[in-house]
Amino acid sequence: MPEPVITPLRTPRRAPRVLTIDLEDWFHVCGDGFYSDPRRWDAFAPRVEESFAFLLELLRRGGHRATVFVLGWIARRHPGLVRRAAEDGHEIGVHGDLHVRADEMSASQFHDDLRRSRESVEAASGTRSTAHRAAEWSIRSPRAAALEALAREGFACDASMMPVPPLGESGNPSGPFRLSAEGWSLLELPPLSGRAFGVRLPLGGAWPFRMLSEARLARAEEEARSRGVPAVFTIHPWELDGAAHPPMDGLPAELRAVHFAGLRRFPERFRRWLAREKTMSLRDAIGGLEPAEAA
Ligand SMILES: [Zn+2]
């Protein structure tokens, strides 16, 4: 099968800052046999109603827009949250059904998980979803079969591919690009990346967003945007839980380090970050993209 053609995309002028939200609960972690087992999820005390309502209120007050990638399981348990986000004008995307990594599913498992999640998310939101993000950045390369599956299911855009190892392959583009092959095409929008501690790191999500100095993050954001690359950031509602976040006893040390790093101070940091400038959704950012040669 021929490899898809990659066309880098840029905005002709300064690019926007984009906020994406993975709508899941505090126990939706991959890589740990205890918390990742869906049979346990109904036994955990949910925090997502409170933390996502708080996030929506922050966004409403500042006039921000975001893309909300909703887990199918969450859409079935908390449909009102998804509806509220759609009514607030946010784009509603799909984050898979049971938070299983895309690269750990067979083609038919991926397809079934995608269909089920989309049905649940669209039933809750009352809108059509055309954006997708896999659990834990698990579409690792432009050659992943999942991308064609997404395009053929009618998705316009994916935001699952890290531009840096170990989560993504080292040759992955750091800015947005179009993938085209015979009979399908799909946009990919990677998260903000930049240099820190002497290496390229993903800066637009998880612990770097919580831990790096705010000045360094702001420089990386500006550097990308001035080149016409939208700065894509990601948060989870549980990152705004502060002291209310459950302690997650038994989580392995490595996962604990990533999950809890900078968590207590993040709500204030995030407010400062939001106050600097308005955010937009992926859908709105895509409208300003052009092939890089023309930009
Ligand atoms: Zn997730």
Side-chain angles (χ1 to χ4, degrees), residues 18-38 40-41 44 46-49 51-52 55 66-78 81-82 85 90-105 109-110 113-114 116-118 120-121 124-125 129 131-140 144 146 150 155 157-162 166-168 188-192 202-210 232-241 245-246 248 251-252 254-261 263 266 270 281-282:
V18 173
L19 179 63
T20 64
I21 299 163
D22 292 355
L23 183 51
E24 56 196 54
D25 218 323
W26 58 272
F27 44 83
H28 291 123
V29 291
C30 290
D32 172 65
F34 184 79
Y35 287 105
S36 64
D37 186 343
R40 287 202 175 87
W41 292 352
F44 294 128
R47 296 259 338 129
V48 71
E49 290 274 350
S51 50
F52 189 58
L55 176 53
T67 295
V68 185
F69 291 108
V70 185
L71 205 61
W73 188 88
I74 286 282
R76 292 190 290 279
R77 298 298 188 287
H78 308 278
L81 280 183
V82 185
H90 302 297
E91 179 182 18
I92 305 299
V94 170
H95 191 40
D97 202 59
L98 295 174
H99 215 248
V100 180
R101 292 180 56 95
D103 58 357
E104 290 175 1
M105 288 188 270
Q109 285 169 335
F110 180 76
D113 183 273
L114 183 66
R116 186 152 192 250
S117 59
R118 186 185 217 173
S120 299
V121 171
S125 72
S129 290
H132 171 266
R133 173 172 287 151
E136 308 243 308
W137 313 103
S138 55
I139 296 181
R140 296 164 54 85
L150 285 166
F155 284 85
C157 153
D158 177 71
S160 312
M161 203 182 298
M162 271 286 173
L167 291 170
E188 181 67 38
L189 279 99
L192 175 68
L203 304 180
W207 71 264
F209 194 14
R210 303 197 299 258
V232 179
F233 288 85
T234 298
I235 62 162
H236 305 83
W238 54 260
E239 290 179 289
L240 299 170
D241 272 352
H245 193 79
M248 300 186 78
L251 195 67
E254 205 181 296
L255 290 176
R256 170 170 293 277
V258 172
H259 192 91
F260 283 93
L263 208 54
F266 187 66
F270 183 66
S281 66
L282 285 170

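Order of appearance sets the numbers: ligands from 1, and atoms from 1 within every ligand.
- Backbone or side-chain N, O or S atoms of His236 do not reach the Zn ion (ligand 1) at under 2.8 Å.
- Partner Ile235 forms a side-chain contact (heavy atoms from CB on, under 4.5 Å) with one of Leu240, Asp22, Thr20 and no other, that one being Leu240.
- Residue side and main chain included, His28 places no N/O/S atom under 2.8 Å of the Zn ion (ligand 1).
- In the model, Thr67 has no side-chain atom that pairs as donor or acceptor with a side-chain atom of Arg133 under 3.5 Å.
- By the 30° and 60° cut-offs, the orientation of the rings of Phe110 relative to His132 is perpendicular.
- Among the atoms of Glu24, an N, O or S atom falls under 2.8 Å of the Zn ion (ligand 1).
- Residue Trp26 forms a side-chain contact (heavy atoms from CB on, under 4.5 Å) with just one option from His236, Met248, Glu239, and that option is Met248.
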